[in-house]
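First the structure, in the form of structure tokens, and then the observations on it.
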Protein chains: 2
Amino acid sequence: MPITGTQLIGQHNQAGTGPAFQAVNPATGQAIAPAWHGADASQIDQAVALATQAFGVYRETSLDTRAAFLDAIAQAILDTGDELIDRAMLETGLPRARLEGERGRTVNQLRLFARVVRDGDWLDARIDYAQPERKPAPRSDLRMRQIPLGPVAIFGASNFPLAFSVAGGDTASALAAGAPVVVKAHPAHPGTSEIIGHAIRAAVQQCQLPEGVFSLLAGPDIALGLALVRHPGIRAVGFTGSRQGGIALMQAAAQRPVPIPVYAEMSSTNPVYLLPGALAARADSLADQFAASLLGSAGQLCTNPGLIIALDGPDLDRFAARASQNVQAAPAATMLTTGIAQAYRHGVKQLLAHPAIDPLARGQTDDSPAHCQASLASTTAHHFLADPERLGVEIFGASALIIRCASPDEFQAIARALEGQLTATLHLQPGADDALAAALIPILELKAGRILANGFPTGVEVCDAMVHGGPYPATSDSRTTSVGTLAIRRFLRPVCYQDIPDRLLPPALQAANPWHISRSEH
Amino acid sequence: MPITGTQLIGQHNQAGTGPAFQAVNPATGQAIAPAWHGADASQIDQAVALATQAFGVYRETSLDTRAAFLDAIAQAILDTGDELIDRAMLETGLPRARLEGERGRTVNQLRLFARVVRDGDWLDARIDYAQPERKPAPRSDLRMRQIPLGPVAIFGASNFPLAFSVAGGDTASALAAGAPVVVKAHPAHPGTSEIIGHAIRAAVQQCQLPEGVFSLLAGPDIALGLALVRHPGIRAVGFTGSRQGGIALMQAAAQRPVPIPVYAEMSSTNPVYLLPGALAARADSLADQFAASLLGSAGQLCTNPGLIIALDGPDLDRFAARASQNVQAAPAATMLTTGIAQAYRHGVKQLLAHPAIDPLARGQTDDSPAHCQASLASTTAHHFLADPERLGVEIFGASALIIRCASPDEFQAIARALEGQLTATLHLQPGADDALAAALIPILELKAGRILANGFPTGVEVCDAMVHGGPYPATSDSRTTSVGTLAIRRFLRPVCYQDIPDRLLPPALQAANPWHISRSEH
């Protein structure tokens with residue numbers, strides 16, 4: 001199916017009337033056909049009105065129907081074949097293997113949520129039976145289930161054009177919860193977005209669902225996003241992107257006549273502690289693993305390891321030397337957009353200009369407009385603690401800072417000085433580093449959503465125990481995750497039914513339990 | 001123990017240095033000794049610093065220790081005996097039987113949360129075991145538990161001096177979650193608050209917990225509350241009160257450098273539909289039940305039935321006549337404060353001055369400064385739909401409005417025009433009213449946290465299936481409840497542990513499962 005460059009409003013294509021934009025090949029700087037015109041106010045209204053209309057039917061679909069829909073989206077995405085991968089490579093500069101892997105992850109994520117929907121635990125069904133004989137007052141029959149909040153606005157992320165985009169984790173969890181979605185395509189990969197949009201739309205049709213369950217809007221700037229967040233029909237927001245963008249959406253949502261929740265995953269420097277025992281035992285292999293984690297995808301990952309914290313001394317020198325070699329050897333990778341590459345270069349330049357910074361290594365460079373020249377630098381804990389905001393800033397891309405500590409006491413001081421993070425990592429040697437780790441973990445738990453040992457934070461498993469979240473400013477809401485099955489809770493709210501006759505109750509709460517879900521009963 | 005009129009900061013009493021205030025007997029308008037001086041900035045700092053310090057220990061207490069603490073608070077409250085009830089009667093004007101009942105509910109609520117803590121389901125423990133052989137990449141060992149957000153600021157409500165105040169549902173659920181609390185006493189019942197504060201403090205000592213687990217601050221106005229919400233050490237807020245107050249706290253929390261969640265339970269008019277079959281069958285008994293629900297506690301309940309919606313005609317005339325008789329016979333009850341009584345009188349006056357309003361009945365009146373003269377009025381659906389904001393406004397106290405509908409179609413139009421509500425009620429006759437009820441429930445589910453049949457919304461059961469919450473402006477956050485066991489989730493956030501050695505894991509996630517909690521494993 002050719003890419004149309006239109007807005008996908010329910011099952012209909014409409015040409016936008018807003019400002020024109022095109023995808024740009026980041027490797028060459030050349031525009032890629034076709035051109036889009038941004039969605040206009042009436043198209044936003046139409047998409048939200050269709051979503052609102054679809055909500056009544058979609059939120060009460062059976063578990064099987066809804067799960068089958070998620071499975072159908074997964075299959076339809078697989079069916080796009082090379083068309084999808086080729087277009088995504090062109091628009092993002094990401095290599096084929098990475099995109100094929102990401103497609104697999106996206107499909108598995110949809111299927112995982114189909115499993116979640118089928119087992120029904122997300123309904124959190126609870127029954128407190130009536131106690132007519134209770135003294136001093138009888139108890140009514142009280143039953144609770146979770147229902148979806150309403151239509152959700154979802155923002156595609158630049159750095160995962162499949163797994164955090166049109167059919168990514170936010171969409172999968174919102175659809176699983178029973179919420180129609182209106183997706184704002186990321187303007188850096190509108191063609192990839194449209195291909196996925198067609199796949200979802202085909203699944204909507206195949207499953208005979210109301211068309212408003214899914215719409216895809218495109219526009220070049222934040223105006224479309226803000227209009228969506230401010231639209232009275234939108235009841236929640238899922239976003240992955242910059243801190244600046246996330247904060248703008250949080251503020252817009254808080255200022256609505258009826259405020260709504262915003263789930264924004266924003267920024268993180270992902271501190272990695274190399275505890276002394278581990279560093280003594282394996283400085284070289286740690287350096288190699290670190291460099292691989294830092295340099296993959298040109299460092300454009302939310303969980304990129306941006307801070308290395310270790311005790312100063314010969315072991316750290318060995319680590320730094322080897323990591324520097326790795327960074328120097330790193331080819332000039334293509335970043336997602338020239339804008340991201342410019343921001344990266346500006347960020348590295350600012351950091352290296354800081355008087356407390358000791359530059360260690362730069363990677364290879366080339367002439368392409370969006371190239372990433374990797375960077376490794378170091379400072380001391382003393383300096384870091386004097387200016388944690390500037391030295392601890394996230395630089396989106398392959399840039400990392402080694403923090404040399406004069407004593408292990410500074411490990412805890414740095415942990416306390418950190419902003420909220422998605423992850424925190426400890427490399428530790430059994431026995432030797434246990435006391436230091438045990439002292440750090442309680443601090444890190446309050447700073448990060450995920451704590452790792454002896455690994456690197458890139459590569460986020462999609463499973464039941466995953467938390468891809470964390471305290472502000474890593475995310476707007478530390479109570480949730482944007483990856484893993486717990487993500488469905490973001491789009492749900494509880495409703496209690498008191499003495500409602502069985503025939504008027506939803507199936508999840510009826511006496512016969514027709515959906516065969518597990519319910520807590522008292 | 002005499003009431004000291006001081007701030008209870010951990011285990012220490014400190015005289016405030018802020019503006020002075022005293023409780024006032026609403027029945028007489030006379031001040032009650034002693035006087036308080038409001039908490040000053042340094043005392044707020046001390047209370048939050050102690051809470052922050054206590055957090056590290058308290059959040060990792062065993063399930064048994066924490067549950068025993070909640071049980072000890074319950075017992076210590078019972079041990080206050082008549083001293084508590086006498087003071088609360090003096091400060092609130094509420095009758096003894098109501099306050100004794102409320103004490104029982106408060107104690108049961110603490111014991112219910114002790115049970116919740118002991119069973120450990122709130123930890124939501126999840127384990128995804130490592131799959132070292134998985135292709136293309138092995139899976140790490142991933143484990144998740146919920147941890148508390150941090151110190152919580154809790155605001156005592158005026159209308160439930162025990163069950164929604166110093167040791168009320170917010171405190172019980174926050175302490176159950178492992179969060180220390182700093183309570184702001186409601187200035188209308190500071191003595192009652194201090195008696196409860198002493199009881200909690202005794203339980204803290206008895207259970208050998210760090211003193212900062214609980215502090216009680218008092219002040220005459222919103223300045224103390226705003227300072228608490230803005231304090232960087234406070235990580236969440238629980239509030240029950242006016243819409244104006246709740247919105248001020250929401251805005252303050254959203255504007256912090258690190259925003260925090262606010263759980264504000266604010267306002268609701270609690271629409272009650274009398275469907276035609278039910279009204280034909282039992283107009284008189286419905287009128288009696290309605291009047292009892294409206295007039296109890298001088299109508300000062302969040303779930304007070306403020307809107308009656310029914311089909312115009314002889315059955316509704318019969319209901320209105322009988323309800324009017326009940327209202328006319330209602331004695332002039334004493335409201336909680338003269339300020340609340342003034343706001344009530346102003347609200348009723350405004351409503352009755354509306355050209356679309358037909359006054360039906362007023363209750364008895366007297367000379368006391370805080371008396372409540374009940375009010376019943378009516379309008380038509382046509383008029384209501386033309387001005388739902390002014391006619392649907394909450395008037396805190398015993399005031400209700402009957403909305404006469406010309407046809408059942410208007411039932412749905414009114415439901416759609418409603419703001420978010422705590423409750424919505426349907427009186428229905430089996431068979432006769434099913435179709436109307438089935439059409440209304442899907443609309444009301446999106447407007448309210450609890451839907452009742454054939455009852456009245458006052459009297460909120462504390463149990464697993466209860467939802468005392470609802471869409472804005474009923475509350476600030478429809479995803480939660482402030483009554484019932486689900487309330488514990490408000491103060492928790494998930495943390496994931498990846499490949500952390502067993503000896504460094506919290507007990508809830510260790511291989512041996514030393515707490516014997518249920519965990520989901522995959």
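Protein chains get the first letters and strands the later ones, always in sequence-line order, with residue 1 at the start of each.
Considering OH of A:Tyr497 and CD1 of B:Ile441, their distance stands at 8.0 Å, rounded to 0.5 Å. One distance of note links CZ of A:Arg126 with CG of B:Leu486; it measures 4.5 Å at 0.5 Å rounding. Rounding to the nearest 0.5 angstrom, the gap separating the SG atom in A:Cys463 from the NE2 atom in B:His522 is 10.0 Å. Taking OG1 of B:Thr485 as the start and CG of A:Asp128 as the end, the distance is 7.5 Å to the nearest 0.5 Å. To the nearest 0.5 Å, atom CG of residue B:Leu452 and atom OG of residue A:Ser140 are 7.5 Å apart.
The residues A:Arg479 and B:Asp477 are annotated as salt-bridged, a charged nitrogen and a carboxylate oxygen being separated by less than 4.0 angstrom.
Put simply, of B:Val258, B:Ile127, B:Asp464, B:Leu504, the one with the most heavy-atom pairs under 4.5 Å next to chain A is B:Asp464. Between chain B and the options A:Arg503, A:Arg143, A:Arg145, A:Met250, the largest number of non-hydrogen pairs under 4.5 Å is found for A:Arg503. Highest contact tally toward chain A, considering only B:Asp434, B:Ile443, B:Ile147, is held by B:Asp434 [criterion: heavy-atom pairs under 4.5 Å]. Contact count against chain A (heavy-atom pairs under 4.5 Å) is highest for B:Glu445 among B:Met466, B:Arg490, B:Glu445. The candidate from B:Gly470, B:Gly420, B:Gly455, B:Pro259 with the greatest count of non-hydrogen atom pairs under 4.5 Å with chain A is B:Pro259. Contact count versus chain B (heavy atoms, under 4.5 Å) is highest, among A:Gly101, A:Gly459, A:Ser476, A:Pro471, for A:Pro471.
Heavy atoms closer than 4.5 Å to chain A are found in the side chain of B:Asp124, but not in its backbone. Contacts between B:Arg139 and chain A at a heavy-atom distance below 4.5 Å involve backbone atoms as well as side-chain atoms. Heavy-atom distances place the backbone of A:Ala448, and not its side chain, under 4.5 Å from chain B. For A:Pro457, no part sits under 4.5 Å from any heavy atom of chain B, backbone or side chain. Contacts of A:Phe55 with chain B are made by side-chain atoms alone, with heavy-atom separations under 4.5 Å and no backbone atom involved. For A:Arg134, the part lying near chain B is the side chain, with the backbone staying farther off; criterion is any non-hydrogen pair under 4.5 Å. Heavy-atom distances place both the backbone and the side chain of B:Pro430 under 4.5 Å from chain A. Only the backbone of B:Leu492 has a heavy atom closer than 4.5 Å to any heavy atom of chain A. Contacts between A:Gln146 and chain B at a heavy-atom distance below 4.5 Å involve the side chain alone, from C-beta outward. Heavy-atom distances place no part of B:Gln251 under 4.5 Å from chain A, backbone and side chain included. For chain A, no part of B:Leu426 is nearby; none of its heavy atoms comes within less than 4.5 Å. Contact of B:Asn454 with chain A is not made at all, since no heavy-atom distance falls under 4.5 Å.
No donor-acceptor contact under 3.5 angstrom links the side chains of A:Ser478 and B:Arg235, judged on distance only. When only modelled atom types and interatomic distance are considered, B:Arg493 and A:Thr480 share no side-chain donor-acceptor pair under 3.5 Å.
The two residues A:Asp499 and B:Ala453 come nearest to each other via the heavy atoms O-CB, 3.4 Å. Shown here for B:Ile451 and A:Val495, the closest heavy-atom pair between the two residues is CD1-CG1, 4.4 Å. Looking at every heavy atom in both residues, A:Pro442 comes nearest to B:Arg59 through O-NH2, 2.9 Å. Here the closest non-hydrogen pair linking B:Leu142 and A:Ala465 is O-CB, 3.4 Å. Taking both residues in full, the closest heavy atoms of A:Tyr472 and B:Pro257 are given as CE2-O, 3.2 Å, listed atom of the first, atom of the second, then distance.
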Exercise. Determine, stepwise, if the pair A:Arg489 / B:Arg489 fulfils side-chain contact (heavy atoms from CB on, under 4.5 Å).
Key: CA-CA 11 Å; A:Arg489 284 208 197 142; B:Arg489 285 210 195 139; 4.1 Å; yes

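Residues A:Pro501 and B:Leu428 have side chains in contact (heavy-atom distance under 4.5 Å, counting atoms from C-beta outward).
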